[in-house]
Every structure is written in C-alpha cells, then in structure tokens.
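What you see below is based on every heavy atom in this structure, not just the backbone, and it leaves out hydrogens, waters and symmetry mates. A note on names: the letters A, B, ... follow the listed sequences, proteins ahead of strands, and every chain is numbered from 1.
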Amino acid sequence: MLNTLLHMALVLAMPPLLLGVIGKTKAAFAGRVGAPFLQPYYDLRRLFGKGVVISDTTTWIFKAGPVATLAATLFAALLIPLGRHPAPISFHGDLILFAYLFALGRFFTTAAALDTGSSFEGMGAAREVTFSCLAEPTLFFALITLTRLSGAMSLTPMLAYVTPGLWAGTGASLLLMLFGLFIVLLAENCRIPFDDPNTHLELTMIHEVMVLDHSGPYLGCILYGAALKLYLLGAFFVNIAIPFSTGNALGDWVIFALAMLALAVGIGVVESVMARLRLIRVPQLLVAAAILTAFSLVLVVR
Amino acid sequence: MCVELCWIDGSPQPVPPAASRSLVPKGKSMFHDMMADPSLLVMIATVLAALSGVPGLVLRYPPLGQRLAAGTACLAALLALPSLAYMLLTGARARYLLELNLPFGACELALDPLSLFFLIPIFLVFAAGACYATGYWPARSHRHTEPSVTFFYGLLSAAMAMVVLSRNGALFLISWEVMALSGYFLLVTEHEEAEVRSAGVVYLVASHLGAAFLLFLFAQLKLATGSFLFPATGTLAVSSSLIFVAALVGFGSKAGIMPLHVWLPSAHANAPSHVSALLSGVMLKMGIYGILRVVSFFPEKPLWWGALLLVAGLTSALMGICVASAQKDVKRLLAYSSIENLGIVAAGVGMALIGQSVNSPRLVWLGLAGALFHVLNHALFKPLMFFAAGSLIHATGTRDLDRMGGLAKRLPASSLLTLAGSIAICGLPPFNGFVSELLLYLGFFGEAVDAPEPYVALGAPVLALVGGVALLSFVKLFGSAFLGAPRSAEAAAGHESPPSMLAPMALLALLCLAGGLFPQGFLALVTPVLGSVFPQAKGYGGLSFNPLWLTALGGALIVTAALLFFALKERARGVCEERGPTWGCGYLRPAPRMQYTASSFGVFFGSLAAPLIRTRIKVAALAGLAPAPVRLSYQPEETILYRVIVPVLEVAGICFSWLRRLQHGEMQFYILYIFATLLLLMLWVR
Amino acid sequence: MTSPLASWADQLLVLCLLLNFAVLGTSRLGFSVRAVALQGVVLGVLPALVHPFSWHVAAIVVSIVLVKGGVIPLLIIRAVKKAEIEREFQPFIGYIPSLVLGALFTALAFVFAARLPLAPEHAGLLVVPASIATLMCGFLVLMGRRKAISQVLGYLLMENGIFIFGLLLADAMPVMVEAGALLDLLVGVFVMGIVINHISREFSSLDTSRLSALREE
C-alpha cells in the first residue's frame, strides 16, 4: 500500500524535475547558468493559470487530444515498476498494454494536430507517425529478449529479473539492447538527435510543431504528459541499465530516483554533444536500433 | 419435386409434437416447437434473408419494398443472433437434410460451433447494412438500381449462410457460386462508370479462378473419401498437401491473402458503401471459414502448413497496410486495411496450425482464439468504417480524401462514430481490436519463453510495425476527412447523415466498445469453437490473465479522460477563453489548400516503403517563359496487379496470338468443328 | 416401353425421320417451317403413347404441342414475312448432297445405336437411332444453310432429336427436366429472334456469311 502511494507520488511529482535537470546539463555544457532546476514546475503553474486561445477551425478533438494522451500515459504509469518495487498493477501480458497505451496517446496527439488545419501541424503529425512506426519494432524486440531471459510476460517480474548477476552472464546482449532502447527513448520523446525541443524551425520540428496551437492549461497538459512519457520510458531503461538493489525499500527508492536523475544528465550530455540529424538519416538510425535489439535477441537465443 | 428440410439429429432435441399437443392449445403447438429449437430459428432466418429482397422486385412502390426488406433483415437477425449465441454457449449442434434431387449425394446442413460462429457476423452485418441502405441508397433517388441491390443483398447473405451450413461439397460449391455472383451483381450497380466495370471484370476472373481451385479441392476430397460429404473433424486419413494448397489458393483468394488479393481493392472501392461493408466485413471471412473447415478434416498437419500460413498472413498484413497508407481514396484505404486484418487472422490460424504440429496447446488456443476474435472484431469495425465512408460520400459526393476536411463540425455524430471505429481498427485500448491483437501477442511472446528456437516470436515486432502503420493510415483517414478546414466547396457544404444511417453505425461502435471493455463476452462465443476445430486446444486452461483487468483499466481510462476533459474545459472557461484563427507560426493568410492532404500525409512513409507502394505522378511539362497553370495528380497504384500480373498476362497474350488464325469468323465452320468432334467421339465409342 | 401402343410410337418415329428429309431437301422456307412444326406436334403426342395417363403427362403433351406446333412456328413465319424472304438461295451444301448426307447419317445413326450399351428393353426400339439421326440432320442444316432462319430450323431439329432421346427415360423423367427442356427451347428461339433482328438491321440481309466481317483482326 505504502509502495503504491509512493509510486503514484513519484510518478506524479518527479517528471518535470527530469526536464529541469536536462536543461541544467545543457546549460552547463554551454557555459551558461541556465534555468533553475524547478523551472518546469513554475512553467506548469504559470500555464495552468493562463487563458486559452482556441482556433475556430478546431473541434472538441483539439481539446481532447492533450487530455487523452495524459490519461493514457497516467495509466501506463500504473504498469511500470520503478526500481525494484513492483508496479501497482501487474498481470500477464501487461507489457503489450503498456506499449499500446502510448500508441493511443499518439493517435490523439496527431489527431489534435491535424485538427488545427495548419500545414505545420500536419507536417509534424506525418513525421511523428512515421518515426514511431519504426520505433515500435525495436521496443518489441527488447521485450521479447527480456521475456526470453526472464520467462515472464509481465513487466514487473521481467524487469525484476535483471540483476547484476544477469549482467555478468549476458552482458553483451543487454548492452546492445540498451543501445537500441536509448535510441528509442530519444526518438519517442523527441530529443536530439531526432528533434530539437528548443527551436521552432520547420526543419527540426516533430513534437514541438504539433503543439503550436495549444495554449494555457492544454499546453500545460501536453508539457506534463511529455515529461511523464519520458519518465516512464526512462524508468524502463533504468530498470535494465542500473539493476542494483539494496536490502530495504527506502534504499531502493533512493537508488531509483538517483538513477533517473543520472539518466536525465545522460540525455542532457547527448543533447549537448550531438547535433540534430538530417531528416532522411532518422529512419536509418531507427532501423539500426531495431537491428541492434534483434541482434541482442539472437545472442540470447544462441 | 419439392425442397424438404428434414432434421436428422442434434441437441437439444426439439419438443416432440405429441407431448406438446396435450399441454398447449392446438394452434400453438407448432409455434412452440419452433421456439424451442434454436437451430430451426436459424434456418428460418436464412430463408427470410434470401426472400427479403423479393417483395421489392414486385411491389409498385419501391420505398415500401426497401423498408420491408430492412424489416425482414432485422427480423432475421433478431431470430438468428440469440439462437446462435444460445447454441454456442450451450454447446448445441444440429443436422438437417435438404431433399434436393441432385446427383451429388445427401445435401446435409449442419450447425456445429464453427458454423455457428461464422453465422454471427453474417446476420449482424446483413441487418445493419439493410437498415443503412434505407438511408444511403433510398429507393426514391435510385429507382432503377435499388430493387436489384436489395434483392442481391439478401441473396448474398443467404448464400453465405448456406456456405457456412453446407456439409456437402457440391452444395457448398453451388452456394459459393451464388455468393460470388450476387457479389458481382451488387458490385456493378453503378456500371455506367468504366472503373466499376473493370473492377467487376477483375472480380469475376479472380473469383472463378479461385472457384476452379475449389472444384479441384472437392474433387480430390471425393476421390479420397468416396462421397461429397465433408469428413468429420480429424478423420481424413490421407494427408494430402495438394488438398491443403488447393484450399489455400481457392479460399485464400476470397480472403484476400497476398498475392491473391488483386481483385479486392477495386471491388470494395467501387461498390456502394453498404455492399462494401458486407463484402469486406463478411464475405472475406468465408475464405477463412473454408480454410479452417478444410484444415479441421486432417488429424495430422505438417509444420510447413502453419508456417506458410503464418508467413503469408504477416506478409499480407504488412504489405496491405503499407499500400493503404498511400491511398487517398477512402474506400480503397479501407479495402487495403481489410487485407491487413485478414492477414492478421491468417497469421493467427497459422500459429494455431504450428501449435498443433509441435504439440503446444497454448499456441493452438491463443492463435485460434486471437484469429476468431479478430474475425468477430473485423466484422464489427470494418462495416462501421465503410458506413462512415458512406456518410462521407453522402455528405460530400466524393471518395477522395484530398477534397474533404472539416466535416466534424457539420457531421458531429458521424465523426464521433468514425473516431470510435478508427481507434478500434488500430487495435488501441480500450476497444476490441486491442484484445484480439493481445491474444496473438501472447502467443508470440509465449513462444519466446517456451520454444528452443523462437522463430514464431519474430511475428511480434512485425505485428507491432503493422500496428504502427495502421495508426498512420487511420489518423490520415480521420484527420483528412473530419478535421482541419474544408478543402473543397462540397466539403464545406456537407450535411449530416439521416438517423437510418447513424443507427447501425452507433450499434456497431457500441459493440466495438463492449468487446474491448468486456472481452469475456466475445471470448465466451469464441471458446466453444476452439475445441471443435482443433481438439488439442482443449488441453489449454484458457486465458492466462484475468479479463477484468482490461475492463477495469479501460473503464477507468475512459472515465479519467472524460473527467480531465471537463475539468480543463471548466478551468479554461473560468480563466479566459478567446477564439481566433489558427496561429500556425503566424502566417498571415493561411488557406485551406495549404493544409496537409491525405496524400501528403502518407508521402513520408511512402518514400521509405517505395518498392511496395508504387505511385503514379502525372504532371504536364512546364513550357515557356510564363507557363500556364498546370495540374499535378498523384495516384497510387495496385503494385502486384500492375507490376506482376498484367505483364504476365500480356506475355501470355502474345504467345497465344497464333491461335487467332483459327478465328476466321465463319460461323458454319465453327459448327462444323463441333459436329466433327461429336462424330469422332461417337466413332471412338467401343 | 413394351405397351401395345409401342408400335404406334414406332410409326410416328418413322414419320419424324421422313420429315427430316423433307426439311433437308427443300429450299422453300415456309414449307420447312411447317414440316418442323408437324414434327413437333408428332413428338408432343408421343409421351401420351408411351407413359400411362396422368395429369402431369397431359399438361406436358398439351404444352409441347402448343409451343412446338403453334407458338414457335408462328414466330418464325412472322419473321420470314417481315424479312420478305421465301427461299434459301445458294446454301453451302446443296440440296441433293444434303439429302445424300442425310441418308448417310441416318444409316450411321442405326449403326451407332446398335453399338451403344442400352438397357435390354430399349435395345430393339427405334427411339435411339431416330434421335441421333434427327440430331445429325439438325447439324447438317445448321452447317449447310446461309440464312439465319434456316439455322433456327436446324436448332429446332436438334432440340427435337434430344427430346426423342428423352422419351427413353420414361420412368425416371421428372417434370422438371421436361419443363426445363421446353423453357430452354423457348429461350433459345427468343434469343435467335433477337439475333436475327440485329443481323438483318446491321447487314440488311440475313446472310450469315456476312458475319465473318465481325471477326477481330
């Protein structure tokens, strides 16, 4: 019970902090002081207090988009274990539901983007759906590998199976899988090298351009939803990458929180040292990620 | 000579007349017998379906005939559907004998779980389509075509029911042929257009090529068993791959498995929408029924059968949806999506076959349950989407997505129902498409756990890719048609469909939602079939997770989303809400033509999948210093038809041109040829 | 078919064979039509002699006599009058050769019938040779004549031949087959009527050898 409450509290409260950490890391690389760590929280409070400007072209789908995405991501949060603690809801086959809830969110985000009737949003939506097609198989290859290793078809036992002992045994395969998963993490959350969350240039936009017309609380919803998605996929990644566990529960929570912050720093580092890829290179990178994870499966099966 | 229907055996036993006569008044005893026996109700429903269009042919006032037909269809569905559900849930069976004096042996009809299951979509979609037709193809505005469409609609449904019920090879083929021809006559309703005529020709040729393979199949069966009657499950001693391949080609071409699908896109695109709904939602399933029936004859199935079906199904699914993503004709998109869904069903059946050869009850159960669940799902959401396409055509007069837009404001109910259908067809929770794909995924993932060489598990990423591209296609469909600004004058003036069109759509959408939130209900209909087709499936305990999780999570998701929606709306209104034009990076005068069209939405993915999706770009060359305005058109083509089949046929045509010399046009010589042959045959008799 | 009326049936069949020769040997269309009509009436009467009496048989007899003896010949004569032709000029196979070939084919028909594995009660009867002979004469008319109306007559002769053969199935002939044969005949003649109309409109003549202009090149 306490674990469930802590799980929900962490899931609801921590995601914007990741964005703050990423921002601070990038600022450090650029020699700036950068925005405070809690800036995303201030942004959210500001946005929820502002009014909205609704375009005449839009319908109720425009308002439903951010809401549905947030709801889907919140329910996906119930399925993923954080650290060594089991998820509140766990049943046989929940990993499929986890992946498809994100797809549901993507449906509504892209529909809301098309609702504005602007060519910018349409462009973002077209790119978003294309790239996510290519990212899905990678995720599924990783899930198959983990299923094969752990013999379980639910996220909690599957990720709990990953221990330092397992790393010692099948380290190469897990490393390949992690590379692929990291690429998927960056792609699904629209980070460099796939998308630049800071600019609003047509050349570089995927996610940012889809939300051009949202304002006020809806924009806050989207911002928070994006942070939550990063958090959940990051939790999946961190469960595999940093599988340490102390004996007691509190220690595990602390380790998990620190690992997430380390991941945020890592993303910040990648964003600072790489430039955004040309658009035609992006599918190639995604296919490379799929091949990496497929290869990790082959290594495990052999 | 007359047609008699004699009940042979089955359960439950109908009430014997003698007993009932003493208990109930005389006039009611036959009625009481009828009501007590659900299988007889199903037979009556079939006859009602066949006759539903006949009054319309003779009545002088066509709208009355159409309404009578719709009423009869609903009556047939109301009689049949509860009986079917009752018989499936109680495990009842029945057999009937049709006293036709045909020289093919006993014409047996039987209701076993497989037949009962496939009858459900037939009656459901038939009733929904007949009601839809009263609004979409009303007799008042289609005086010449409506009587024949209504007649053949009923005939097609009854023929499909007979296909599913027959247990005699010759009767099966007769019903199959009636089904195919009714489909043809429905297809060429608007035969004034050249595109419709050519679609009809391709459909006829493909249908009869498939029927040729089916003739071969049933001839082989007769040679093997000595009679035209179907062997009972698992009793065919000879394990002949020839029979399987003939069944696969014959039934696969009807089910639209690549590369035998070439007739499907143009046929479903050019038929009236309610006809496309019936063809796509139900007639394709007859191919799957045939494959399942033929496969159930054999006790031992080699591994390569299942592997072939699995690979063919997944390939068909992937290629189908990739081509769908490039289409701008809404009905063609839906037709290719049908190819994708039928590929998924075939993959499930293949998985079950593989499970049978490697002795894994889990794989058999999950594969077949996923396939059958998807059959039911597809029979719900595909007709819903075709009805939605019909609403779009009704409102704008065009099938071209590039000329629609902004219709959600003018067609609010249709847009909501289309949204439900699109989410369902993409396989997203909380609708029913998710559950069937979940079952297949569980099969794939389970293989990763159990099998030493998990080749089957590789199906999961392919299915995920298929799901991703399906999301692309249906966001494209929904977004181009309903969202944004109208791209043409017709779209700006669109009007909502009448309630007779909306009611069937609403029913189907509700069933989709019910299937996703309460999968136990659909599973209760699917589970009895599994054991009767593949006896090994009985060895598996059932679903490994509690479906209530899906109910709870799905319901909670919908409730949460609704609460958040209204909370934010109140919040926004409470603070400050302004209206204005779309900002979109601050362009001064955005025009509706600047929006992304359906073609442009799919272009990016099309560039990645270029070998599969061949698009023809027609543009006149620009000339001169100040060139005049020029048109560019973007037309996706049916790859396999134009790249593979048509060149082969052209080569064949060249090779056979020497036969032209025999065609000199003199009729008397032709008769001489016949007479000479006859004489030769007579002299040859010894 | 061992009833005492069988001998009557035999003599009527001989009349049919003679009518074949009548059609083969004449160039006058009106006469040919009446000969075929008479043959039809004769054949219509035959089932009454062969089968025991029942209302089914009576209905069949009456309908065949009406259709073959009345309706169809009327239609053809009307077409002949409309086309204003009286004779068949220059057939592909001349009249004398037609008669000779007709006799040859009738002889062949008897030979062939002797070779067929018939049931013992049907073996010595005239039915099988008559039917095959009529069929072959029908073919001969079809092949040898130019005018479309003559070809309709050839078709009618073939139908009569098949009908004679059907008389063999005395016991097992359900009403449906007889009605079906009649329907087939009616439909065939209707179709031919339409075709003749089109041919005459298109080519301003009923000469079917003109049809070879329609072949694809």
Side-chain angles (χ1 to χ4, degrees), chain A residues 49-57 59 61 63-64 67-68 70-72 74-75 89 91-93 96-97 100-101 103-104 106-107 110-111 114-123 125-127 129-130 132-133 136-137 139-141 144 147-148 151 153 200 212-213 216-218 221 283 301, chain B residues 406 408-409 423 426-429 434 438 441-442 445-446 448-449 453-454 457 460-461 464-465 467-469 471-472 475 478-479 483-485 544-546 549 553 556-557 560-561 564-565 568-569 571-572 575-585 590 592 594-596 600-601 604-605 608:
Chain A
K50 286 184 102 166
V52 289
V53 178
I54 305 276
S55 154
D56 290 323
T57 324
T59 64
I61 302 269
K63 297 184 195 143
V67 162
L70 183 59
L74 278 173
F75 276 88
I89 296 181
F91 58 89
H92 209 72
I96 317 288
L97 186 62
Y100 271 67
L101 278 170
L104 180 66
R106 195 175 309 126
F107 185 94
T110 38
L114 285 176
D115 201 9
T116 57
S118 154
S119 47
F120 279 100
E121 273 95 338
M123 176 188 78
R127 289 174 180 175
V129 286
T130 311
S132 61
C133 282
E136 290 276 305
L139 186 62
F140 272 80
F141 271 121
I144 294 180
T147 307
R148 176 82 174 173
M153 285 209 277
H200 285 68
L212 273 180
D213 270 83
Y218 294 107
C221 236
V301 168
Chain B
K409 292 210 166 85
I423 302 181
C426 290
L428 300 172
F434 174 69
L438 179 62
Y441 275 121
L442 285 176
F445 274 86
V449 173
E453 306 253 312
L465 183 59
V469 185
L471 189 98
L472 193 162
V475 167
F478 185 67
L483 305 177
S544 50
F545 67 93
N546 191 346
W549 275 124
L553 285 174
L557 181 63
T560 315
L564 277 175
F565 181 73
L568 273 184
K569 219 160 127 171
R571 171 89 197 163
V575 178
C576 161
E577 187 177 301
E578 265 181 43
R579 302 234 134 215
T582 301
W583 180 66
C585 264
M594 284 163 66
Q595 288 176 102
Y596 259 56
S600 32
F601 198 83
F604 191 27
F605 184 75
L608 296 175

Checklist entry - Of the backbone (N, CA, C, O) and the side chain (C-beta and beyond), which part of Asp213(A) lies under 4.5 Å from a heavy atom of chain B, both, or neither? => result side chain

Item to check | Top contributor to chain B interface from His92(A), Glu121(A), Arg106(A) [non-hydrogen pairs under 4.5 Å] | outcome: His92(A)

Next on the checklist: I'd like to check Cys221(A) versus Leu568(B) (side-chain heavy atoms, cut-off strictly below 4.5 Å). Are they in contact?
Outcome noted: yes

Checklist entry - Going through the distances and angles, do Phe545(B) and Leu438(B) end up as a side chain to side chain contact (heavy atoms under 4.5 Å, CB included)? => result CA-CA 11 Å; Phe545(B) 67 93; Leu438(B) 179 62; 3.5 Å; yes

Next on the checklist: With a 4.5 angstrom heavy-atom cut-off, is it the side chain or the backbone of Phe107(A) that approaches chain B, or both, or neither?
Outcome noted: both

Checklist entry - Quick one: of Ala485(B), Ala408(B), Gly468(B), Ser544(B), who has the most non-hydrogen atom pairs under 4.5 Å with chain A? => result Ser544(B)

Checklist outcome for this item: Honestly, the part of Phe565(B) sitting under 4.5 Å from a heavy atom of chain A is both

Item to check | Max heavy-atom pair count under 4.5 Å with chain B, selected residue of Thr110(A), Thr147(A), Ile144(A), Val301(A) | outcome: Ile144(A)

Item to check | Winner by heavy-atom pair count (cut-off under 4.5 Å) against chain A, out of Ala572(B), Ala556(B), Pro592(B) | outcome: Ala556(B)

Checklist entry - Will you find, in the side chains of Thr582(B) and Ser118(A), an N or O donor that is under 3.5 Å from an N or O acceptor? => result no

Checklist entry - For the candidates Ala68(A), Gly151(A), Ser132(A), which exhibits the highest count of non-hydrogen atom pairs separated by less than 4.5 Å from chain B? => result Gly151(A)

Checklist entry - With respect to chain A, which residue among Pro429(B), Gly406(B), Ala561(B) yields the maximal number of heavy-atom pairs within a distance under 4.5 Å? => result Pro429(B)

Next on the checklist: Heavy-atom cut-off 4.5 Å, strictly under: side chain, backbone, both or neither for Arg571(B) against chain A?
Outcome noted: side chain

Checklist entry - When only pairs under 4.5 Å are counted, which of Leu139(A), Leu74(A), Leu97(A) shares the most heavy-atom pairs with chain B? => result Leu97(A)

Checklist entry - Considering only heavy atoms, which portion of Ile61(A) lies under 4.5 Å from any heavy atom of chain B: side chain, backbone, both, or neither? => result side chain

Checklist entry - Donor-acceptor pair, Arg579(B) side chain versus Asp56(A) backbone, under 3.5 Å? => result no

Item to check | Residue Phe445(B) versus chain A: region with a heavy atom under 4.5 Å | outcome: both

Checklist entry - If you tally heavy-atom pairs under 4.5 Å against chain B, which of Thr116(A), Leu70(A), Ile96(A), Val53(A) wins? => result Ile96(A)

Checklist entry - Do side-chain atoms of Tyr441(B) reach the backbone of Ala464(B) as a donor and acceptor pair under 3.5 angstrom? => result yes

Next on the checklist: Can you tell me if Lys409(B) has over 12 outside heavy atoms packed within less than 6.0 Å of its NZ?
Outcome noted: yes

Item to check | Shortest non-hydrogen contact between Leu428(B) and Tyr100(A), atoms and distance | outcome: CD2-O, 3.9 Å

Next on the checklist: If you define the side chain from C-beta out and look only at heavy atoms, does anything of Phe91(A) sit under 4.5 Å from Asn546(B)?
Outcome noted: no

Checklist entry - Are any side-chain N or O atoms of Asp115(A) and backbone N or O atoms of Leu483(B), one a donor and one an acceptor, separated by less than 3.5 Å? => result no

Item to check | Considering all heavy atoms, the nearest Phe140(A)-Pro461(B) contact | outcome: CB-CA, 4.1 Å

Item to check | Winner by heavy-atom pair count (cut-off under 4.5 Å) against chain B, out of Ala72(A), Pro283(A), Ala71(A) | outcome: Ala71(A)

Item to check | Selection from Val469(B), Leu564(B), Val449(B), Leu557(B) maximising heavy-atom pairs under 4.5 Å formed with chain A | outcome: Leu557(B)

